[in-house]
Protein chains: 2
Amino acid sequence: MLTFIGMGLWDEKDISLKGLEEAKKADVVCVEFYTSRLMGTSLERIEELLGRKIRVLERSDLEENSGALIEEAKTKNVAILVPGDPMVATTHSALRLEAEQKGVKTRIIHGASISSAVCGLTGLHNYRFGKSATVSYPYGKPSATPVNVVHANWSVDAHTLLYLDLHPEPMLISQAVEILRSAGLEDCFAVGIARAGSDEPVVKCDTLEKLKNHEFGEGLHIMVILAETLHFMEYECLRAFASAPPELERLVK
Amino acid sequence: MLTFIGMGLWDEKDISLKGLEEAKKADVVCVEFYTSRLMGTSLERIEELLGRKIRVLERSDLEENSGALIEEAKTKNVAILVPGDPMVATTHSALRLEAEQKGVKTRIIHGASISSAVCGLTGLHNYRFGKSATVSYPYGKPSATPVNVVHANWSVDAHTLLYLDLHPEPMLISQAVEILRSAGLEDCFAVGIARAGSDEPVVKCDTLEKLKNHEFGEGLHIMVILAETLHFMEYECLRAFASAPPELERLVK
């Protein structure tokens, strides 16, 4: 049995009671910090909470060498701790598929994900989010994908959640703005979020050019590009929770 | 202080360690089952876990009479337990906005939400979900909104998550299909999900007409209308996790 356990957003206390219980009784417990990270804790603190040693998985353990993990799960209960909610990263669904195809049962214990947490942090309405995309570090020409996704979402009046690349190091909002602008994204209103799930998240709404110079502090960072219109309640929330400028009012339909 | 605590998807053990800790030390603990429900538990079991009495809030406490709750939060630490992740329901962001505008500090402790859990359950890629909508019970003519949202998402090749109405009682997938069809939605491929977060979720992919007669068992139910194309990994996952028919392969691009 292979059990994926979501650890939520920030520190070791964001795991659910059910997730903790399962991790304690598994034969083997692994953790991966490749698809995301928990900035408010450390491996040592998670091990202390569980009262046992945890094996750290690298990218290769999840991808090209995944067979070894699945082989182990044929005879043992293997739990994999994952930041956020498992399977929001496609790496996990590929691993789960391979396990099921090889006859290993899988189970998911869900955790909080940034993909829903952005609604609480910003006041933006969940039902108005369109497709999401990742802003990657450019090696040569920046990828057109995030800008294309923003344009597609604008065409149906939807917000865009943009994940920022984590490798080789977590991308900052200021870097993401530079990359998006150089990939052709016009200046527009967006929301930057730092340290979601912590006691002191920073949430700031402004134009891209102004967000570039805003002091968000340490990561992880994430961004939302706003739809072409806002519900008036979304506007009010962005004013109250994200210090949005009054000019944002012109988006209210 | 008003603290919103997400309870996750299914039962009392889906709350995070942080959420449990905060609920135990709050001056007043309330719960609301208006915006969603936890089908795998009861008020009594949640009270037992917390070791204290919990006040149940009605819709009116959250909406037209919200002033009373906010008044109380001026002098006490009030915690509100909420199924799923707080603020995915717009009711919560309105309450949070009113509190902040009246000078009451607010805090969110995130929980697992069906909006990310669907990715794990189905293998569908998170970044390919477009806007979501709710299928409501029709009083007269059915609302055109869900069908319009599906069409908008199809225009940008995105999946659509459809929440099903909870009032007066949780809608079933069979009822939702009838309503969507009578509102003009053509037959297409979709995924029905029952009891997300439980040990025995049912996940089934097929055409709407076939899903109507599938036995999903007890609620809550939720649906995804598939985009016009699928990534081949999404197809493979739907075959493995959702017993999708082989004809689905024609959507793979």
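Order of the sequence lines sets the chain letters (A, B, ...), proteins ahead of strands, with each chain counted from 1.
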Problem - Option in A/I15, A/D199, A/I108 with maximal non-hydrogen atom pairs under 4.5 Å from chain B - result: A/I15

Practice task
List the steps, then state whether side-chain contact (heavy atoms from CB on, under 4.5 Å) holds for B/L20 with A/K13.
Solution key: CA-CA 10 Å; B/L20 179 64; A/K13 289 187 177 173; over 6 Å; no

Exercise for the section: With the side chain counted from C-beta on, respond yes when A/L17 and B/D14 share a heavy-atom pair under 4.5 Å apart, and no when they do not. Expected result: no

Exercise for the section: Counting only heavy atoms closer than 4.5 Å, note whether A/I109 contacts chain B via side chain, backbone, both or neither. Expected result: neither

Handout entry: Qualifying residue, where the test is side-chain contact (heavy atoms from CB on, under 4.5 Å) with A/Y127 and the options are B/T90, B/V149, B/T134, B/T145
Key = B/T90

Fill in the blank from the handout: Turns out that what part of A/R96 lies under 4.5 Å from chain B's heavy atoms comes down to both

Handout entry: Close side-chain approach of B/L97 to A/M233, heavy-atom, < 4.5 Å
Key = yes

Problem - A/K18 with B/D11: basic N within carboxylate O range, under 4.0 Å - result: yes

Handout entry: Heavy-atom closest pair, residues B/G111 and A/S116
Key = O-OG, 4.4 Å

Handout entry: Residue pair A/H110 / B/W10, side-chain heavy-atom distance below 4.5 Å
Key = no

Practice task
Would you check if B/S93 and A/C237 make a side-chain contact, meaning some heavy-atom pair closer than 4.5 Å?
Solution key: yes

Practice task
Pick one of side chain, backbone, both or neither for A/E234, based on which atoms fall under 4.5 Å of a heavy atom in chain B.
Solution key: neither

Fill in the blank from the handout: Per-residue tally against chain B (heavy atom, under 4.5 Å) across A/H159, A/E100, A/H231, A/E236 peaks at A/E236

Handout entry: Side chain A/K131, main chain B/V156, donor-acceptor under 3.5 Å
Key = yes

Problem - Toward chain B, the part of A/Y163 with a non-hydrogen atom under 4.5 Å - result: side chain

